[in-house]
Amino acid sequence: MKRDILPLSTPKAKIDDESKLAFGTEFTDRMFVMEFDRKKGWHSARIQPYGPFSLDPAATVLHYSQEIFEGLKAFRRSDGSIALFRPQDNISRFNRSATRMCMPEVDEKFFLDSLLELIRLESDWVPKSEGTSLYIRPTMIATEAFLGVRPADQYLCYIILSPVGAYYKGGIAPVKIWISDHYVRAAHGGTGEAKTGGNYAASLMAAKEAAENGYDQVLWLDAREKKYVEEVGSMNMIFLYDDKIVTSPLKGTVLDGITRRSVLHLLKDMGYKIEERALSVDEVMEGAGNGRLKEAFGTGTAVVISPVGSFCYKDKCVQLGNGEPGELTMKLYKELTDIQYGRQTDKHDWVVEL
Ligand code: COI
């Protein structure tokens with residue numbers, strides 16, 4: 001399929017003070033777009049000026065949430081070059097989400113080439129300061145105007161770019177985690193492992209409850225027994241428990257995080273024993289109290305690695321250690337970001353240079 005590049009008339013002003021970069025509030029000048037029709041397949045691929053779409057009010061996505069997305073990052077290295085972290089993994093997860101949501105898959109090579117071409121054109125937007133990056137958001141929506149419930153026959157797929165700073169306002173400061181004993185995120189057989197907007201919309205009520213109680217994020221329990229910890233909405237959770245690494249297994253209700261996968265790989269390289277097993281909320285709360293739970297952190301593209309400072313469950317709140325980021329958490333943060341920013345050799349072949 002060919003890809004057109006449409007002219008850009010007025011580039012936007014870029015933020016000069018990169019310390020003011022927030023998460024996902026600024027967007028670059030251009031975006032990639034392609035369209036799908038059951039008869040024609042994918043067509044009309046182009047890089048065009050960033051701007052609003054026109055959608056029929058009956059478009060399926062607006063009624064039944066047939067939507068998927070991804071999140072990955074491009075990093076500016078000290079020599080000025082730009083590198084992406086494991087983009088093929090994000091694109092193949094995009095296709096797995098598409099299959100789950102009855103949406104058409106994309107051609108992985110064409111999609112990666114389009115992504116790289118877009119970033120080349122927008123390379124001036126990749127920020128330079130420590131901790132900043134260009135966040136990449138591939139998205140697919142069902143656009144067919146039809147109110148019956150069935151997979152749509154028309155789709156729009158696009159990629160937008162956003163120069164970002166830290167996801168949480170406090171940067172790498174420890175987050176306070178609220179464990180929900182009422183709301184659940186994903187049930188077996190549901191869409192928990194797909195990156196689809198509805199999972200995030202469904203999480204908002206519990207996030208509101210957490211915020212009203214002074215907590216930053218919600219840790220979800222399994223839907224069947226409300227006993228085992230699963231994930232936090234924007235990150236997977238990893239625990240250092242009795243000198244072993246414990247994390248929820250991927251059994252359909254937890255997102256197969258690319259940062260999770262990378263961090264587990266680094267931990268294996270460091271010689272840690274990894275247990276992908278159900279970890280009960282009682283083990284977490286008691287472990288934080290009696291010192292068996294030494295560290296806990298979230299992993300995700302947007303957050304990178306986010307240390308946990310405390311947990312609150314029902315009427316009990318516990319601080320983890322002294323409430324400061326753990327030693328292993330910080331070591332992993334350094335190791336991972338050193339690979340992403342090119343300060344360390346990429347021996348796992350995770351980095352794709354532009
Ligand atoms: C990411 O980490 O890229 C995500 O997609 C999480 C997001 C909802 C901010």
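Both counts, for ligands and for their atoms, begin at 1 and track the order of listing. All residue numbers in this chain count up from 1 along the given sequence.
Using a distance-only test at 3.5 Å, with no hydrogens or angles considered, no donor-acceptor pair links the side chain of S203 to the main chain of R185. The closest donor-acceptor contact from the side chain of K12 to the backbone of F27 lies under 3.5 Å.
Partners of F75 according to the ring-ring contact (aromatic ring centres under 6.0 Å, His included) rule, which considers only residues two or more places apart in sequence or in another chain, are Y341.
Looking only at side-chain heavy atoms (C-beta outward), Q66 and C102 come within less than 4.5 Å of each other.
Shown are K195, R261, R93; of these, the salt bridge (Lys or Arg N to Asp or Glu O under 4.0 Å) with D256 is made only by R261.
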Give a table of atom pairs where an N or O of ligand 1 lies under 3.5 Å from a protein N or O.
{"unit_1": "ligand 1", "atom_1": "2 (O)", "unit_2": "T301", "atom_2": "N", "d": "3.3"}
{"unit_1": "ligand 1", "atom_1": "2 (O)", "unit_2": "A302", "atom_2": "N", "d": "2.8"}
{"unit_1": "ligand 1", "atom_1": "3 (O)", "unit_2": "Y135", "atom_2": "OH", "d": "2.5"}
{"unit_1": "ligand 1", "atom_1": "5 (O)", "unit_2": "Y135", "atom_2": "OH", "d": "3.4"}
{"unit_1": "ligand 1", "atom_1": "5 (O)", "unit_2": "K195", "atom_2": "NZ", "d": "2.8"}

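For T196 and R100, the side-chain atoms include no donor-acceptor pair closer than 3.5 Å.
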